Amino acid sequence: MNSAFHQEQKRVDSVIETITEQISRLEEEASRRLNEVVHIRKHFWDEVKVNVDTFDDYLETIIGLRQEAQLLSTSQSTHRHAAKKMSVLRRMKDAPYFGRIDFMEEGTSIEEKIYIGISTLTDTSGDQFLIYDWRSPIASVYYDYQPGPAQYETPGGIIKGTFEKKWQYLIRGGVLQSVFDTSLTIGDEILQQVLGKGTDKYMHSIVATIQQEQNRIIRHDNGRLLIVHGAAGSGKTSAALQRIAYLLYKYRNQLHSDQIILFSPNAMFKSYVSNVLPELGEENMQQVTFQEYLDHRLSKEFDVENPYEQLEYVLTAEDAPSYRSRVAAIRFKASIHFFEAMKSYKQSLELAGMQFKDILFKGRSIATAQQMVERFYSSDTSLRFHNRLEKLKDWLIEKLNEMEKREWKKPWVQEEIELLSNEEYHKAHAYLAKKRGFKREDIADYEMEPKALARLIVRQKLKPLRKRIRAFRFVDIKGIYKQLFADPLQINQWMEGNMPAEWTDICQATLEMLDEDKLFYEDATPFLLMKELIQGFQTNSSIKHILVDEAQDYSPFQFEFLKRLFPSARMTVLGDFNQAIFAHASEMVDFHTLTSLYGRDATEVINMTRSYRSTKPIIEFTRSLVPNGEQIIPFERDGERPVLTQVSDRTELHRHIAEKIRDWKNLGYSTIAIICKSAEESMNAYEALSSIEEVKLVKNGSMEYEQGVVVIPSYLSKGIEFDAVMIYNASEQVYGDESLRRVFYTACTRAMHHLHLYSVGEPSPFLQNASDQQIFEHKQGLS
């Protein structure tokens, strides 16, 4: 065995030597190409003779420019490629590969040893593969099969053969720490070691420990929509990020990272997952939150509530008089019924109901809203809605042009001319001279007519108005949206009786917000949809793939909107309905409701039931908190049972928490979370615990997930894992309402190694099932 181990280390050494040689060669290449780029940029115009005297001279100049630009582009591209390859090789130098399969192809008698790592590596000649990329077709055998008959798909067809053995390697710093035959070893020892480690501020690549169900997600390549419904800690987000790396590899000539968007739950999560693709040698995709997109489109017109402000209201304002109607509004406006009603309402505007804004210049009317209404509905009604709007726009531009012809003679124009600075005057002179055909050297000879200058002044003053008209900003979208709520009975014609009982109160609250130029979060997407339906959808066809994480937090309305926004994109949707903590969650019964987006034939749903994040005792506890929790399968990683400590008051609670933090720090844990129900509770907890060294408060808008001890609201902890977690107050008073069950479950499932719950007074009824099963320890605190 020692001899075999020694041989394996010799191979590792040999591969690292090859990597070192290739890095050295690439460094020379990158340096040479960088110098070329600098030289070409510096001497670009020295190499090109600019002569436009004759057509032949002009053609020669164009050809020279194109050749020089092509040379620059080639050098830049080669430098980028060399730099990227160097980055991958430097990562591989520490751990060149992590797996091996011994595979005998059908029809041959030669057993081939296939070593698998994060990227392909060949010997100096380029003929022999030393390492295969984990995304290559043959590597799928490593993830999908146990020794025996196996096959993999290549562009040339299916290759069949016999999978003889599967080996796993642990290499750190170029030193082989362990190697074993997984067909003989019971259990996933490498996975055990990886999961047993502490976490840090980033999510990491899982290529060395990809499981078969995760590999199915990664290599899925059929249909427009892949829905992944996975238990907390099942690795769905990690697998989806590796999926992006796989697609970038497979379609490397057609798909680039800037054509992929990840919709993240919050800014902190964006930071947390930012490391995964670079670890695999790929550039990061675009990341955005849905709220950022809404702000980008609406913040100039409205103060838009964010989803966490909405959730904070739902979690803390139960006693508010308007609470019931607000929750009803959130659910209704998230529904597919409301989406269809909005489309029907827009259709009705073809016949009546359009609203416009008066167009004024210096207090005088160019066209009134009433004139626009009359013109819109008196023009050819057989024309499509948008064509009628285009005709109205053209009419308004004509009106503007007519005004421009009259306006230059007005006294205000002469006043504007007299107020021009010397610089502004010379700029106007140069602009008008060029327009008249004067060359740069002859501009001084141009005598500017006062009439020409007056017309230029008028045109410049009318430019913003012309821009507004061309962008259809004469349409009163706010007025049209308000109209939907002005008469509570109006919407009935499109809803077929699917109206909430609180609709009258919902209408009143919506109108009050709109009058203050504010939008509830539940109104932001519907408002934007109405704007797009009327003014024309601002689609983005360059995006080829979108990834939606924490999809249970999105409404059916938002998914329909995303589909329209990115018409050319395939979609990967990840989520867990046990973590559906937003008030509209009841509108999304399960992810099967999304199959209507692209049709059942274009959709696949993958369920992931095995959880890897937490120890077995923690998973056994957390799965007792939710319906059908028994379907969640824990990974066999032992640990301590969760503990509930019941205390009498907050003073005792804070003393216990301080002691527990010290204990966990002594165990070497670098990420410890005190999870509270809401931001309000988090702030109170932070103020009480601020004397503890290095305690940080995580707020909505925090840009980076930090290590150490954090106090964090439940909804901001989603998607992130911590070495050890405390539930700040798991009491009946805080978590007594059934609607909070998923919030409570989400908070508890963040723990990897230790979970400790505190309760000021009677514990939450959610713990009753776990108590009956005796799967946690219940201790009384000591005052």
Side-chain angles (χ1 to χ4, degrees), residues 1-24 88-105 108-125 127-136 138-148 150 152 161-198 204-212 215 279-281 612 635-638 668:
M1 181 62 191
N2 286 340
S3 171
F5 192 88
H6 181 67
Q7 285 299 114
E8 290 287 358
Q9 181 62 60
K10 278 184 71 176
R11 186 184 192 279
V12 171
D13 295 340
S14 172
V15 168
I16 289 174
E17 196 176 313
T18 302
I19 290 171
T20 305
E21 288 172 7
Q22 291 196 14
I23 289 172
S24 178
V88 176
L89 288 171
R90 284 178 181 136
R91 292 180 193 279
M92 290 175 71
K93 201 171 175 181
D94 180 58
Y97 46 88
F98 52 79
R100 184 185 109 200
I101 56 173
D102 297 347
F103 187 79
M104 190 182 294
E105 191 176 324
T108 70
S109 57
I110 302 168
E111 182 183 88
E112 191 178 357
K113 290 179 171 57
I114 309 292
Y115 289 84
I116 298 164
I118 65 165
S119 185
T120 299
L121 182 74
T122 59
D123 64 4
T124 312
S125 68
D127 297 330
Q128 185 184 348
F129 282 87
L130 301 177
I131 302 171
Y132 286 81
D133 193 297
W134 66 278
R135 298 165 288 190
S136 61
I138 195 168
S140 65
V141 174
Y142 176 80
Y143 299 114
D144 285 342
Y145 291 93
Q146 288 302 317
Y152 60 95
T162 306
F163 181 4
E164 302 286 350
K165 282 187 178 179
K166 175 179 176 178
W167 301 85
Q168 286 187 288
Y169 296 80
L170 258 185
I171 305 169
R172 295 287 180 270
V175 177
L176 182 63
Q177 296 182 345
S178 64
V179 55
F180 51 86
D181 180 350
T182 59
S183 58
L184 301 176
T185 305
I186 298 168
D188 237 314
E189 293 187 12
I190 285 191
L191 189 53
Q192 285 274 18
Q193 289 187 44
V194 170
L195 295 173
K197 289 195 308 180
H204 291 283
S205 157
I206 59 166
V207 288
T209 58
I210 289 168
Q211 303 300 290
Q212 189 171 351
N215 198 44
E279 269 193 2
L280 299 170
Y612 300 97
F635 183 73
E636 293 290 334
R637 182 163 62 91
D638 207 10

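Keep in mind that this is a model prediction, so the values were computed, not measured.
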Determine the minimum heavy-atom distance between [X] and [Y], stating which atoms define it.
X: Ser178; Y: Phe5; answer: CA-CE1, 4.2 Å
X: Gly281; Y: Val88; answer: CA-CG2, 3.5 Å
X: Trp167; Y: Lys165; answer: NE1-CB, 3.7 Å
X: Arg135; Y: Ile118; answer: NH2-O, 4.0 Å
X: Leu176; Y: Val179; answer: CD2-CG1, 4.2 Å
X: Ser119; Y: Asp133; answer: CA-OD2, 3.4 Å

For the backbone of [Y] and the side chain of [X], can you confirm whether one donor and one acceptor N or O come within less than 3.5 Å of each other?
X: Gln22; Y: Thr122; value: yes
X: Lys166; Y: Tyr142; value: yes
X: Asp94; Y: Gly173; value: yes

Please tell me if the side chains of [X] and [Y] come closer than 4.5 Å, counting only heavy atoms from C-beta onward.
X: Ile171; Y: Phe98; answer: no
X: Lys113; Y: Arg100; answer: yes
X: Gln146; Y: Phe163; answer: no
X: Glu111; Y: Thr162; answer: no

Hey, could you give me the [atom1]/[atom2] distance between [X] and [Y], rounded to the nearest 0.5 Å?
X: Asn215; Y: Asp144; atom1: CG; atom2: CG; result: 4.5 Å
X: Leu89; Y: Glu21; atom1: CG; atom2: CD; result: 11.5 Å
X: Leu130; Y: Arg11; atom1: CG; atom2: CZ; result: 6.0 Å
X: Tyr132; Y: Glu112; atom1: OH; atom2: CD; result: 4.5 Å

*Go through the structure and list residues passing side chain to side chain donor-acceptor pair (under 3.5 Å) with Tyr152, not counting sequence neighbours.*
none
In residues 12-20, what donor-acceptor pairs under 3.5 Å come from side-chain atoms, sequence neighbours left out?
{"from": "Asp13", "atom 1": "OD1", "to": "Gln9", "atom 2": "NE2", "distance (Å)": "2.9"}
{"from": "Thr18", "atom 1": "OG1", "to": "Ser14", "atom 2": "O", "distance (Å)": "3.2"}
{"from": "Thr20", "atom 1": "OG1", "to": "Ile16", "atom 2": "O", "distance (Å)": "2.8"}

*Between Tyr115 and Tyr97, is the gap from one ring center to the other below 6.0 Å?*
yes
*Please walk me through it: do Met92 and Ile131 pass side-chain contact (heavy atoms from CB on, under 4.5 Å)?*
CA-CA 10 Å; Met92 290 175 71; Ile131 302 171; 3.6 Å; yes
*Check the surroundings of atom OH in Tyr145: do more than 12 heavy atoms from other residues, nucleotides or ligands lie under 6.0 Å from it?*
yes
